[in-house]
Every structure is written in structure tokens, then in C-alpha cells.
Amino acid sequence: MSNKYRTHNCNELRKTNVGQNVVLSGWINKKRDHGNLLFLDLRDNYGITQCIIDRENKNFNELEKIQLETVIKINGKVVNRSTETINKEILTGEIEVGIETFKVLGTCKELPLPVFSDQEYAEDIRLKYRFLDLRRKKIHENIILRSKVISFIRSEMNKLGFLEFQTPILTSSSPEGARDFLVPSRLNPGKFYALPQAPQQFKQLIMVSGFDRYFQIAPCFRDEDARADRSPGEFYQLDLEMSFVEQEDVFDVVEKLLVNTFKEFSDREFLQGKFPRITYKEAMLKYGSDKPDLRNPLIINDITDIFLRDDVKFDIFKKLVNSGSMVRCIVTKNTKDKPRSFFDNIDKWAKDQGASGLAYFTLEKEKEVVGKGPIGKFFSKESLEQIMKITGAEIGDSIFLACDKKKDLEKITSLARDKIAKDLNLINENSFAFCWIVDYPMFEKDETSGKIEFSHNPFSMPQGEIDKINFDNPLDILAYQYDIVCNGIELSSGAIRNHIPELMYKLFSVAGYSKENVNEKFSGMINALNYGAPPHGGIAPGIDRIVMLLANEKNIREVTMFPMNQNAQDLMMNAPSEVSNNQLKELNLSLKLKK
RNA sequence: GGGGGUGUAGCUCAGUUGGUUAGAGCGAUCGCCUGUCACGCGAUAGGUCGAGGGUUCGAGUCCCUUCACUCCCGCCA
């Protein structure tokens, strides 16, 4: 392509172009002014070309004064660089362009932040001047990576026989799940649309409509608080759904897709071939979490029973165990010679996390096995041998113990597992460890209200033969509900859906919804299921998180073009913002602001 | 809603036990410099030390309140 702005882009010229007259346009990335000789790095999306001008040229003085990041067009001739002056860092480094004339296409004020710099700088300035921030190499490349990943996924999904459809952005609010973003309806006073938290019902309706395999790079909106890996407001999912499938069919498609995608865009090694399947129950025990980082070799073991023995004298834990607490431990291999500070730091860290601390002792051998360290003396030889049997611990290893009620215990042991592995440098950062978490419970009990609630997706199919499901013990019902996890990050949730209306009513009734409730709140879905619904299931991997993993970024804003800050504000566009009284009036809204 | 961290020049940061006129690098402006690629050298400008209150002879520094950003908990079927 050649037009009045350029004959080549800034990453195109090579030795073979020497002698040609060219036109280049771009931003002034950097100037090196030698007084009578000026080097000027011109940058565009594609790369950098060094341009040069000296005092002989009548444009020299003017060009010398131009502000960095100004957009200019230059006319000039491609010249060879002498061997000593070749720059191997850039692809155009063997040549430079001798500037003959130039024209300013876009002026630039004094910069609020440097573009040409690897320096970190404050998030609010980056977000306010996102268009400048996005010019910087690292994030510019992240956003390009994101685009390529999405294109690749689209093409893979097409190859796998999936059709891409759009679903409505203005839809209805539904109970369950996250807080909705609401949009007032002008034509229907007092009524509101909701932005979809996910196209969940629509994708199931697409299956009922007979399309067999659907996918979409779907925007999802949830009005919840942000985290480093969670944008406030909106994010994207690779939403997919398949008819006439079992759980394994979904796994098969997703594993293929993720393996291909991660191999295409990363050189990091896969720690497993086929993704391991771990039941929810096992994950909560061994890792204290349903999103375990399997790069971390540490395992949690339950040793509550040890504290029922008479020859164990650790009374604090024994009392807690008698009142319903449990004891779980983490074994670290061959840590007997670690300094006292190593152990105390972890104990102090645990206290900072709000736990009562982490007790510890080390297994050593004198005449027989003994526990060394602050609480070692409370354990008999036999009890230590039992611990070694349960945990696989050996002489020279250390045991970290926590005692608490189940949920708090899971939380602290999970955090401790990460913390200890980091301190001992056990995690292979240059790898991907995927796993499936399966067999989620259909329901869970809310700890404060004691109410039975759906633990994940209310539309999931319960496991077992339908007429044999025991609704008297709803907490024991498992669902065909699964998550996929990579390096401790939850990439997505999915399920085989419940396509049988009567079963749906039954499950909703357990969670306190009447048939009328269900008919009203999920009318589109429930109605459709009465007209010949195929068995179906799907999943929805998070695009942002996939790109985060591939770009090796810890923060989702580093792979999001125009993110909001933690308070869900867009500092560049000034969103959200107030609206005029007329707008409110049209929508039949009035404001009652809290002080 | 709760807890932690940060806030000093346009940007990144230093600032000792509370003590003279608050510093550096980058950037900006001006001057010198014809082979740099983080060019070099010299000079100049640039500060409500986030804001407010307090303690003190004296506060960037100590105390209280508050704001902004960020990380975490809650929340996220």
C-alpha cells in the first residue's frame, strides 16, 4: 500500500531498499540531537525506523525543536548504515532514512507521562491518558496478542463445527448470581432491562432452537467489586454450548481448544498431558480451594483424628477438635535445617491473614522419631508415626498445622500452601498446569442464614438417575457442573444443563422458589424446555484471563484496552456521569441520593 | 461494608531522631556538540510535600480526620 502518507511502514525498510525515495509517517519516539546532526526514531504500530537529518538541510532547526510523540510525515532516501552503526535491536537497524522534507500531521503537547520508557507509573494517570499508555511497547503488544488470540479461537471454533451468534445486550434481570447492571426503559415506565451476566439462557434457547453447536465471544456484565484478575463491570467469555453431549464431550472440545491456543501463543511447558480431573471434595481437602495451582506440589492432609489420641497432649487443638474444629497440615520436605525465622515468618504471616497462626514442628530421629520445635514435645512416637503414615512425611520434614472450623480451615491452609511454596521456591513459573474440577454439589447452605442455595448454576443437571435422586438430603446431590483451572486461576465454569422442566421445578423448590416464581423469573427458558429440548451442555472460558496467562500478566487491566479503575470509573471517558433532568424525566426516574 | 499499602516537581523516586533555603534522574526551556540508538556536556524554570485539623519554639517527618489510587476480605449462580 502506498499513499500520500506513506510508501512503507516503520518496520518495513531493509538493505534491499537502499537508494529508494520513501515516505514514512509515524510518531516521534525518540530524538538524539548532536547539534549539527539529529537522529529521530519514527514509530508506528509495526516498528521503528531511524531517520537522520543534519544542519545542511534547511528543515533542521524546525525538526530539532519538535516535541516527542508528534505525528509527522517524512520524505527521504533510504541509506545504508556503516557496520559499526548497525542496530541489531530493531529489524530496520541496517538502514536509516535521510530526511529531505517533513510535515507535521498531528502536534503533541507536553506529555503527562513518558511513552518511551519501561518505567511503571501510576494507574490513574495511565487510565486517564490510556491512548498514550497504549502506545507503549508492552501493553501495545498485549492488546495485539489479545486480538490474535480471539481470531485464533474463532477459527478453531469454526473448525470444530461451532456457529457464532450474537445474543441481546438488553435483557431481563434474573435472581441468582451477581448484581445486575440495570437500564431503565423509556417506553415501559418503571421497568428495567438488565445487561446479561452471561448469555446463559440465550445459549440454552439456541440449543432448543436446534442449532447444535454455538459459540460467541460474549460480553458479560456483573456489578461486583473488582480484583486484580477481575474487571469491575464487564469482561469477555468464550461462551459455548453443545447439544446431545455428555460432560466428556465438552471436556474434549475445550481441552483441544485450550491446548491448541496455549501452544500457539506460548512456549511455556504444560505440566500435564490430559488435564487431570479432581472432584470438588478432593480439591477442597488437598488444596483448600476449588481453584488449585497444580504447579505447587504441596498437599494438605487432614489429621484431626490424631488429636483424639490420649498420647497427644496439645490441649489447645484437642479442645477445639472436641468442639467441632478440624486439623489439617502441610508437609514441607527436608526443611529441618531451615532457620527458625523461616518458620516464625510463616506463623506471623498466618496471623496477619486473620488466622490464629500456624503451629509447626519438625520430624527428627534420635533413638526414635521425635518432634522438634515449639509443639513437637506434645506428640508421642506412635502419634508421629501415624502422622507420617497419613501424610507421607519423612524424617527431616516439617509439619505446619492449622486448626479451625472447616471453611476457615480450608481458607487458611489454601493460602498457606501458596505462601509456603513461594517461600521455598517450589513453583515452576514457566509452566501451565490445567485441571478440571468436577462433581460440584448442586446446593450449599448459607452459613449465616442457614438457607439452602444453588452453589453454582441453577440450570445444571443433577447427577444420578432422575427418579432416584434423594431430595431429602439436597446437600448430597452432585451436579454435572465443572470448572477449568489453570495455574490457580479459574478460567471458566460450565455444566451439563437440566433440560427437564419437572426436575427444574423440583430443584428450584429446594432453593425456595415456587413453580410460579420459576415461571415468572425464568419464563423464556422454562417455557422453551416444554417444547422438545435436547440434552445439552457447555462452558464459558474467560477470554481476559486466558490472555493474562498467555501474556504473563498479573493484572487484567494489562490485557484490557480501555479498563475501568477499581471504583468502576472510566477516567478517560468520565463514566459513569450525571445525566440531565430531561433524561431522567423521560425515563420516569428521580434520584434519592444517600448522604 | 472491612483490612493493608501508597500519595513529595509534568513522570519515577530519595528525604536520617522533628531542625537552616525540600533534593536526584528523566521530561520541559535555553546553549554547546556530525554517528547516536537510555547519545553526551552546561544552565534555567518547575513544589499547597494529596486535603483539613492538631501537638510543638519548629512538621514532608508525630497524632487525628478525610480524599484518591491500589491489593486483599466480603461479593463474584
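The sequence lines fix the lettering, A, B, ..., with proteins before strands; numbering per chain opens at 1.
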Can you confirm whether the side chains of [X] and [Y] place a donor and an acceptor under 3.5 Å from each other?
X: A/D404; Y: A/S325; answer: no
X: A/E96; Y: A/T49; answer: no
X: A/R136; Y: A/Y121; answer: yes
X: A/Q50; Y: A/R32; answer: yes
X: A/N59; Y: A/N57; answer: yes

Report, as yes or no, whether the 6.0 Å neighbourhood of atom [atom1] on [X] holds more than 12 heavy atoms from other residues, nucleotides or ligands.
X: A/K138; atom1: NZ; result: yes
X: A/E100; atom1: CD; result: yes
X: A/F471; atom1: CZ; result: yes

TODO: May I ask you to say whether A/D423 pairs ionically with A/K419, meaning some side-chain N is under 4.0 Å from a carboxylate O?
DONE: yes
Open item on the list: Quick test of your reading of the model: are A/R126 and A/E558 salt-bridged, counting only N-O distances below 4.0 Å?
Closed with: yes
Could you check how far [atom1] of [X] sits from [atom2] of [N], rounded to whole Å?
X: A/N565; N: B/C71; atom1: CG; atom2: C1'; answer: 14 Å
X: A/R227; N: B/C69; atom1: CZ; atom2: C1'; answer: 16 Å
X: A/R126; N: B/A68; atom1: CZ; atom2: C1'; answer: 17 Å
X: A/Q569; N: B/C67; atom1: CD; atom2: P; answer: 13 Å
X: A/D225; N: B/G1; atom1: CG; atom2: P; answer: 9 Å

Taking only the [atom1] atom of each, what is the distance from [N] to [M] in whole angstrom?
N: B/G60; M: B/U8; atom1: C1'; answer: 7 Å
N: B/G19; M: B/U61; atom1: C1'; answer: 11 Å
N: B/C67; M: B/G50; atom1: C1'; answer: 7 Å
N: B/G27; M: B/G42; atom1: P; answer: 14 Å
N: B/U66; M: B/C73; atom1: C1'; answer: 23 Å
N: B/C72; M: B/C57; atom1: P; answer: 45 Å

Open item on the list: Which is more 5' along RNA chain B, the nucleotide nearest A/I90 or the one nearest A/I125? Just name the residue.
Closed with: A/I125
Name the closest nucleotide to the [X] side chain, picking from [options].
X: A/L127; options: B/C71, B/U70, B/C73; value: B/U70
X: A/Y121; options: B/U70, B/C76, B/U12; value: B/U12
X: A/D124; options: B/C75, B/A68, B/U12; value: B/A68

Open item on the list: Using the ring centroid of each side chain, check whether A/Y440 and A/Y482 are separated by less than 6.0 Å.
Closed with: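 Between A/Y440 and A/Y482, the centre distance exceeds or equals 6.0 Å.
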Base, sugar-phosphate, or nothing: which does [X] touch, judged by heavy atoms less than 4.0 Å apart?
X: A/N29; answer: nothing
X: A/K554; answer: nothing
X: A/N567; answer: sugar-phosphate
X: A/R557; answer: sugar-phosphate
X: A/L38; answer: nothing
X: A/S493; answer: nothing
X: A/E453; answer: nothing

For [N], which nucleotide is its Watson-Crick or G-U wobble mate, given both distances must be under 3.5 Å?
N: B/U6; answer: B/A68
N: B/G1; answer: B/C73
N: B/G40; answer: B/C32

Distances under 3.5 Å between protein N/O atoms and the N/O atoms of nucleotides 4-8 of chain B, please, pair by pair.
none

Task: Protein proximity profile, nucleotides 25-35 of chain B - base contact B, sugar-phosphate-only contact S, no contact -, cut-off 4.0 Å on heavy atoms - done: --SS--S-BBB
